[in-house]
Asks: 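Take this structure, written in structure tokens, and hold onto it; I'll ask about it next.
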There are 2 protein chains.
Amino acid sequence: MSIKKEITIYDLAKELNYSPSTISRALNDHKSISKKTVQRIKNAAEEMGYRPNTLAAGLRNNKSKTIGISISRINRPFMSSLISGIEEAARNAGYNVIISQSDDKYKNELSNTKALYDSRISGLIVSLSMETSDYKHFNQFIDQGIPVVFVDRVPASLNSYKVVIDNYSAGYSATKHLIEQGCKRIAHFAGAQHRNVYEERKKGYVDALKEHGLPVEKELIKYFKTLSFEEGRKTTAKLMALPNPPDGIFSANDTAAVSAIIYAKSMGIKVPEDLAIIGFNDDPISSIVDPALSTVSHPAAKMGEISAKRILEHSRANYDKTISEVTILNTELIIRDSSNRAKALLKSKKSRQPKT
Amino acid sequence: MSIKKEITIYDLAKELNYSPSTISRALNDHKSISKKTVQRIKNAAEEMGYRPNTLAAGLRNNKSKTIGISISRINRPFMSSLISGIEEAARNAGYNVIISQSDDKYKNELSNTKALYDSRISGLIVSLSMETSDYKHFNQFIDQGIPVVFVDRVPASLNSYKVVIDNYSAGYSATKHLIEQGCKRIAHFAGAQHRNVYEERKKGYVDALKEHGLPVEKELIKYFKTLSFEEGRKTTAKLMALPNPPDGIFSANDTAAVSAIIYAKSMGIKVPEDLAIIGFNDDPISSIVDPALSTVSHPAAKMGEISAKRILEHSRANYDKTISEVTILNTELIIRDSSNRAKALLKSKKSRQPKT
DNA sequence: TTGTACGCGTTATCAC
DNA sequence: GTGATAACGCGTACAA
């Protein structure tokens with residue numbers, strides 16, 4: 001089977017006895033073309049099966065209607081929701097979305113951003129890889145007036161768009177909540193401290209302790225590499241083996257928190273009575289684990305949508321200088337059973353008989 | 001700040017006293033250029049900050065090194081792993097990946113595939129929307145010799161590449177497993193029957209019952225709209241209120257199965273003793289729910305990787321006709337506690353005292 | 001091994 | 001309101 005010839009604006013021009021320029025303008029709703037002509041041309045285009053070549057248009061404009069994304073990995077709940085939000089906003093505006101995964105490696109982030117640059121994207125949305133500490137690879141975009149939006153995991157220094165949540169307040173609230181539940185020794189599962197999100201969550205934790213007259217104890221702050229399930233289990237085991245074990249845990253993500261719940265249950269440690277636990281992100285697993293995990297909900301899709309809109313607005317406004325604009329979104333403390341001591345107390349009173 | 005001028009092959013040509021064609025060839029490792037020259041040119045390109053313009057190259061070749069994806073939604077575990085697999089394979093081969101979500105609407109799938117076509121993608125990977133029953137929108141690709149790979153949710157008729165799992169066998173095995181656990185009345189949570197995956201899973205279920213001498217009862221086969229958590233809860237409630245309720249459930253996805261577990265627990269129905277449950281997909285929640293959900297694991301990332309490779313191979317081989325090639329991947333039955341009656345029996349013997 | 005010349009499909013500019 | 005022309009950056013047939 002041979003390949004069908006594609007229809008171009010020249011074919012339309014010949015067919016309708018117009019010049020290619022007129023066709024082009026009509027197709028783009030240029031105001032200088034009469035409504036009638038526009039309709040006639042669009043109808044013919046539809047009928048003849050014309051499809052625009054965005055490559056050609058992009059070459060001509062030195063810009064493709066495309067948003068590039070660089071993230072760690074797609075298959076994590078927060079990330080896939082973020083992308084989903086970006087994609088939806090972008091597509092509504094007629095933009096495509098190119099994704100790339102760094103797998104938390106600086107090297108990959110570097111080559112991915114280069115590849116995205118080569119596609120002449122209209123804007124870049126980045127959630128930094130765990131390893132990244134040098135930001136020079138974003139200059140190529142900024143030098144070309146291409147907006148870069150950092151989302152969630154953002155650099156401290158660089159002037160650019162940023163879309164984040166208030167990690168400090170969230171960490172503070174989560175910890176305060178545990179204190180209100182009567183916890184006196186609250187441990188913290190901390191992420192890599194050179195990434196803003198983890199650093200700020202920890203700061204919130206520390207300040208909440210201090211402001212409520214609780215000591216900040218080094219042995220209760222555990223630094224994780226990846227906040228994985230496995231790491232969570234091991235760390236919980238160590239903590240609970242302490243002479244004076246914690247009675248509460250604030251974990252910087254849900255995976256490690258869920259792992260703590262499961263470990264505690266396996267050891268006969270009552271959650272939340274003996275150990276109250278709160279996580280971060282509101283991943284699907286957090287409402288499935290038993291007892292359900294209290295957590296901080298992260299408006300992932302919304303963050304994606306806003307990031308995309310920053311780029312779309314930027315293109316429209318044609319900003320001529322590097323600007324710094326930070327958008328801070330609200331989080332929500334979600335109290336479930338893993339930290340709700342009042343409810344647990346009520347329950348245990350009601351059912352004296354064991355419930356299996 | 002003004003925008004920096006971009007370096008083109010012309011700039012390199014001028015700088016090195018070569019013609020643009022030599023530069024172009026050297027950059028593409030054309031064999032007619034001496035190794036030394038290639039090195040010299042590549043070095044200079046690197047040094048001068050040259051970045052290829054893939055738009056121009058794509059226009060010239062009438063093909064961009066890009067793989068397009070059309071799926072229902074990104075933020076579902078199976079889909080995000082699928083995309084992750086595609087992205088990884090594509091990027092290793094120097095291809096970009098454009099994603100689009102149909103949100104299970106035919107209308108969106110239609111406009112998304114058009115947009116992808118306009119980008120002159122090298123190939124399209126599709127998991128059909130729930131609504132799609134007409135496949136004409138894929139002809140534009142096939143007519144142009146652009147490979148279309150259907151993955152997981154595939155059309156019955158169309159000749160094209162397909163990457164699937166053996167849903168029939170998986171459904172059969174899952175059901176057989178429940179039978180082996182002693183279940184006599186096994187219910188099935190079925191998905192929309194016009195999508196191959198759900199139809200085949202159900203067939204496997206039906207045949208397993210028949211071949212083991214169990215009756216196939218209409219009242220035990222429940223057709224779901226979306227296999228959601230909420231639907232799962234309601235349906236389980238109805239089933240368990242039957243005069244003769246089921247003692248096993250094979251659910252076509254994990255979400256509904258987990259929901260069944262949680263509902264059963266809330267009603268004091270013992271899982272797996274009174275009700276054995278098995279799901280499909282091996283989503284993260286399935287290993288977190290208590291008792292952990294038995295399920296069928298779906299090699300999502302692998303399916304993505306293979307789909308991408310089909311396209312890359314196709315481009316290389318330059319197939320000149322529409323071919324039909326189906327790849328069938330193995331699934332794995334994962335037995336956890338929700339269906340493991342032997343283990344449950346053992347446990348209840350051991351611990352006479354309540355363990356809360 | 002390298003250079004010349006052209007065209008891919010579109011759109012911006014200038015002219016009428 | 002419409003047309004002619006050039007240019008975007010690259011790859012390749014043909015020539016040398």
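Please read all numbers here as calculations on a predicted model, not as lab measurements. As a basis for the values below, the full set of heavy atoms in this structure was taken, side chains included, without hydrogen atoms, waters or symmetry mates. A, B, ... follow the sequence lines: proteins, then strands. Residue 1 opens every chain.
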Asks: Salt-bridged, A:Lys42 to A:Asp29, with N to O below 4.0 Å?
Replies: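 Looking at A:Asp29 together with A:Lys42, the answer is yes, because their closest N to O distance falls below 4.0 Å.
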Asks: Taking the minimum atom-to-atom distance to the side chain of A:Ser21, which one of C:dT2, D:dT5, C:dC8 wins?
Replies: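 For the A:Ser21 side chain, the nearest candidate turns out to be D:dT5.
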Asks: Check every strand shown and say whether A:Thr8 touches a base, only sugar-phosphate, or nothing at a heavy-atom separation below 4.0 Å.
Replies: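 Answer is sugar-phosphate: A:Thr8 comes under 4.0 Å of backbone atoms only.
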Asks: Side chain of B:Ser32, heavy atoms from C-beta onward: which of C:dT2, D:dG9, D:dA4 has the nearest atom to it?
Replies: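 Nearest nucleotide to the side chain: C:dT2.
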Asks: With a cut-off of 6.0 Å (strictly less than), are more than 12 heavy atoms of other residues, nucleotides or ligands near NZ of B:Lys5?
Replies: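 Yes, because the 6.0 Å sphere around NZ of B:Lys5 holds more than 12 heavy atoms from other groups.
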Asks: Phosphate oxygens OP1/OP2 of D:dG9: is one of them under 4.0 Å from a side-chain N or O of B:Ser24?
Replies: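 Indeed not, no polar side-chain atom of B:Ser24 lies that close.
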Asks: Can you check the B:Arg120 CZ to C:dC8 P distance for me, whole Å?
Replies: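 Interatomic distance, CZ of B:Arg120 to P of C:dC8: 13 Å.
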Asks: Of A:Asn61 and B:Arg25, whose nearest nucleotide on DNA chain C comes first from the 5' end?
Replies: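 It is B:Arg25, whose closest nucleotide lies nearer the 5' terminus.
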Asks: Measure from the side chain of B:Ala56, starting at C-beta and using heavy atoms only, and say which of D:dG9, C:dT11, C:dT2 lies closest.
Replies: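 Given the options D:dG9, C:dT11, C:dT2, the side chain of B:Ala56 is closest to D:dG9.
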Asks: Choosing from D:dG9, D:dA7, D:dT2, which nucleotide comes nearest the side chain of A:Arg60?
Replies: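 For the A:Arg60 side chain, the nearest candidate turns out to be D:dA7.
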Asks: Round to a whole Å and report the spacing from CG of A:Leu55 to P of C:dC8.
Replies: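 Distance check: A:Leu55 CG to C:dC8 P gives 15 Å.
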Asks: Base, sugar-phosphate or nothing for B:Pro20? Non-hydrogen atoms, less than 4.0 Å.
Replies: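 Nothing, no nucleic acid heavy atom in range.
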Asks: Please report the distance, rounded to the nearest Å, between NZ in A:Lys65 and C1' in C:dT11.
Replies: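 Rounded to the whole Å, the gap is 14 Å.
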Asks: How many whole angstroms separate atom CZ of B:Arg40 from atom P of C:dT2?
Replies: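 Going from B:Arg40 (CZ) to C:dT2 (P), I get 10 Å.
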Asks: Which residue, A:Tyr135, A:Phe141, A:Tyr161, A:Phe138, forms the ring-ring contact (aromatic ring centres under 6.0 Å, His included) with A:Phe150?
Replies: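 So, applying the ring-ring contact (aromatic ring centres under 6.0 Å, His included) to A:Phe150 and each of A:Tyr135, A:Phe141, A:Tyr161, A:Phe138, only A:Phe138 qualifies.
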Asks: Hey, is the side chain of A:Tyr10 pairing donor to acceptor with the base of C:dT10 inside 3.5 Å?
Replies: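 Side chain to base: pair present.
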Asks: Can you check whether A:Thr37 has a side-chain N or O nearer than 4.0 Å to OP1 or OP2 of D:dT2?
Replies: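 Yes, because at least one side-chain N or O of A:Thr37 sits under 4.0 Å from OP1 or OP2 of D:dT2.
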Asks: Suppose the criterion is ring-ring contact (aromatic ring centres under 6.0 Å, His included): which pairs have a residue in residues 50-102 of chain A, not counting sequence neighbours?
Replies: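 Only A:Phe78-A:His298 qualify under ring-ring contact (aromatic ring centres under 6.0 Å, His included).
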Asks: Rounded off to whole Å, could you give me the NZ-to-P distance for the B:Lys36 and C:dT2 pair?
Replies: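 Roughly 10 Å, once rounded to whole Å.
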Asks: Look at A:Thr22 and D:dG3 and indicate whether a side-chain polar atom (N or O) is within less than 4.0 Å of OP1 or OP2.
Replies: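 The answer is yes; a side-chain N or O of A:Thr22 sits under 4.0 Å from OP1 or OP2.
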Asks: Would you mind reading off the distance between B:Asp29 atom CG and D:dT12 atom P, rounded to a whole angstrom?
Replies: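 B:Asp29 atom CG is separated from D:dT12 atom P by 13 Å.
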Asks: Heavy atoms from C-beta onward define the side chain here; which of C:dA5, C:dT1, D:dG9 lies closest to that of B:Asn53?
Replies: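 Nearest to the side-chain atoms of B:Asn53, counting from C-beta on, is D:dG9.
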Asks: Does a nitrogen or oxygen in the side chain of B:Tyr50 sit under 4.0 Å from OP1 or OP2 of D:dC10?
Replies: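 Yes, B:Tyr50 has a side-chain N/O under 4.0 Å of OP1/OP2 on D:dC10.
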Asks: Within this structure, what is the CD1-to-P distance between B:Ile9 and D:dC8, rounded to whole angstrom?
Replies: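 After rounding, the gap between these two atoms is 12 Å.
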Asks: Expressed as a whole number of angstroms, how long is the span from A:His30:NE2 to C:dA12:C1'?
Replies: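 About 9 Å, once rounded to whole Å.
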Asks: Could you check whether B:Asp11 gets within reach of a base, just the sugar-phosphate, or nothing at all, counting any heavy atom under 4.0 Å?
Replies: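 Here B:Asp11 touches no strand at all.
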Asks: Going by an N to O cut-off under 4.0 Å, is there a salt bridge joining B:Lys309 and B:Glu313?
Replies: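 No, B:Lys309 and B:Glu313 are not salt-bridged.
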Asks: Is there a donor-acceptor contact under 3.5 Å linking the side chains of B:Ser84 and A:Arg73?
Replies: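 Yes - a donor-acceptor pair under 3.5 Å links their side chains.
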